[in-house]
There are 2 protein chains.
Amino acid sequence: MNAEELSGQLAAIASTQRLGIIAHLVGEPLHVSELARRMEMSRALLYMHLAKLEAAGFVTGHLELSDDGKALKFFQAVPFELSITPAVIAAAVNNEEGTNG
Amino acid sequence: MNAEELSGQLAAIASTQRLGIIAHLVGEPLHVSELARRMEMSRALLYMHLAKLEAAGFVTGHLELSDDGKALKFFQAVPFELSITPAVIAAAVNNEEGTNG
DNA sequence: TACATGTGTTAGTATTTGCTGACAGGTGCA
DNA sequence: TGCACCTGTCAGCAAATACTAACACATGTA
């Protein structure tokens, strides 16, 4: 873990919208349109947020075929634990590996 | 801890520059001009970053009088531990208090 | 055919954030 | 007086991010 990776992870969840997305996907996978309705958010915007979350590894998506033959893109939250302390930050900035996860 | 507070905390450290500032201030308080030199950053910019970090509680600053009578603004890192998991996020989004620190 | 549902992408705009340069003011010292 | 330090703030520009509206295309159903 270096400083860029760490700040990338943090930036991915440093948003109330994206925290809301993760909260919605904890324990209950949802497809994009359904999630967009629940979050009262446009699909285009939701795709942008999901892309950032998926790139950082906080959610994962997969296509699923519904009973009536429609392709649904389901997303779910990925289990993780991020523990941040001053020491963890100092280690990351000094580019040391294997310090946190 | 609600979603806004949590995302605020995360946003405050979701920056390689600000991670670098914290790393510099771990175990060694520095005054602004000295820190600006070590980070190779303008003071104006550093003030902006320090303001965000201080508002979020990651660093704390105080004026100190040097031997030769100059006022120096020292900053130091505040000890903390932020533990982020999907459950913590869900709790924050649902506005529950007392779940994480 | 037409409508409701879904995925996925793009162009363009609005808002926020990061950053620079310049300023005003203070102390100590030669 | 002038120089070398320091704190603190502001206007303005640059770049990144968030967001909207619109498009193309697919399936099932009336």
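Note on naming: letters A, B, ... go to the chains in the order of the sequence lines (proteins, then strands), and numbering restarts at 1 for each one.
- Smallest separation of non-hydrogen atoms from A:S7 and B:T16: OG-CG2, 3.4 Å.
- Running 5' to 3' along DNA chain C, contacts with non-hydrogen atoms of chain B at under 4.0 Å begin and end at C:dT17 to C:dG28.
- Here D:dT17 presents its C1' atom at 17 Å from CG of A:L10, a figure rounded to the nearest Å.
- In terms of phosphate contacts, A:Q17 brings a side-chain nitrogen or oxygen within less than 4.0 Å of OP1 or OP2 of D:dC19.
- Taken residue by residue, residues 37-64 of chain A places heavy atoms nearer than 4.0 Å to DNA chain D at A:S42, A:A44, A:L45, A:M48, A:H49, A:K52.
- The minimum heavy-atom distance linking B:H24 with B:L35 is given by the pair CB-CD1, 3.7 Å.
- Remark: the B:S83 side chain and the A:E81 side chain contain an N/O donor-acceptor pair separated by less than 3.5 Å.
- If you check residues 19-27 of chain A against DNA chain D, you find no residue with a heavy atom closer than 4.0 Å.
- Contact annotation for A:K70: base contact, defined as any heavy-atom pair under 4.0 Å involving a base atom.
- Using a cutoff of 4.0 Å between basic side-chain nitrogens and carboxylate oxygens, B:R38 and B:E28 are scored as salt-bridged.
- In terms of heavy-atom proximity, A:S15 sits nearest to A:H49 at OG-CE1, 4.4 Å.
- Using a 4.5 Å cut-off between side-chain heavy atoms of Ile, Leu, Val, Met, Phe, Trp and Tyr, with links allowed through other members, B:F74 and B:L25 fall into different hydrophobic clusters.
- A pairwise comparison of heavy atoms in B:A90 and A:A23 identifies CA-CB, 3.8 Å as the closest pair.
- For B:S33, no side-chain nitrogen or oxygen approaches OP1 or OP2 of D:dC5 to under 4.0 Å.
- Where A:D68 and A:S15 each meet DNA chain D at their nearest nucleotide, the meeting point lying more 5' is that of A:S15.
- When all heavy atoms of A:Q9 and A:F58 are compared, the closest pair comes out as O-CE1, 3.5 Å.
- No more than 12 heavy atoms of other residues, nucleotides or ligands lie within 6.0 Å of CD in B:E4, so this atom counts as exposed by the packing criterion.
- By the rule that hydrophobic residues join a cluster once side-chain heavy atoms approach within less than 4.5 Å of another member, B:L6 and B:F80 end up as members of one cluster.
- A salt bridge is absent between A:E64 and A:K70; no separation between the charged side-chain nitrogens and carboxylate oxygens falls under 4.0 Å.
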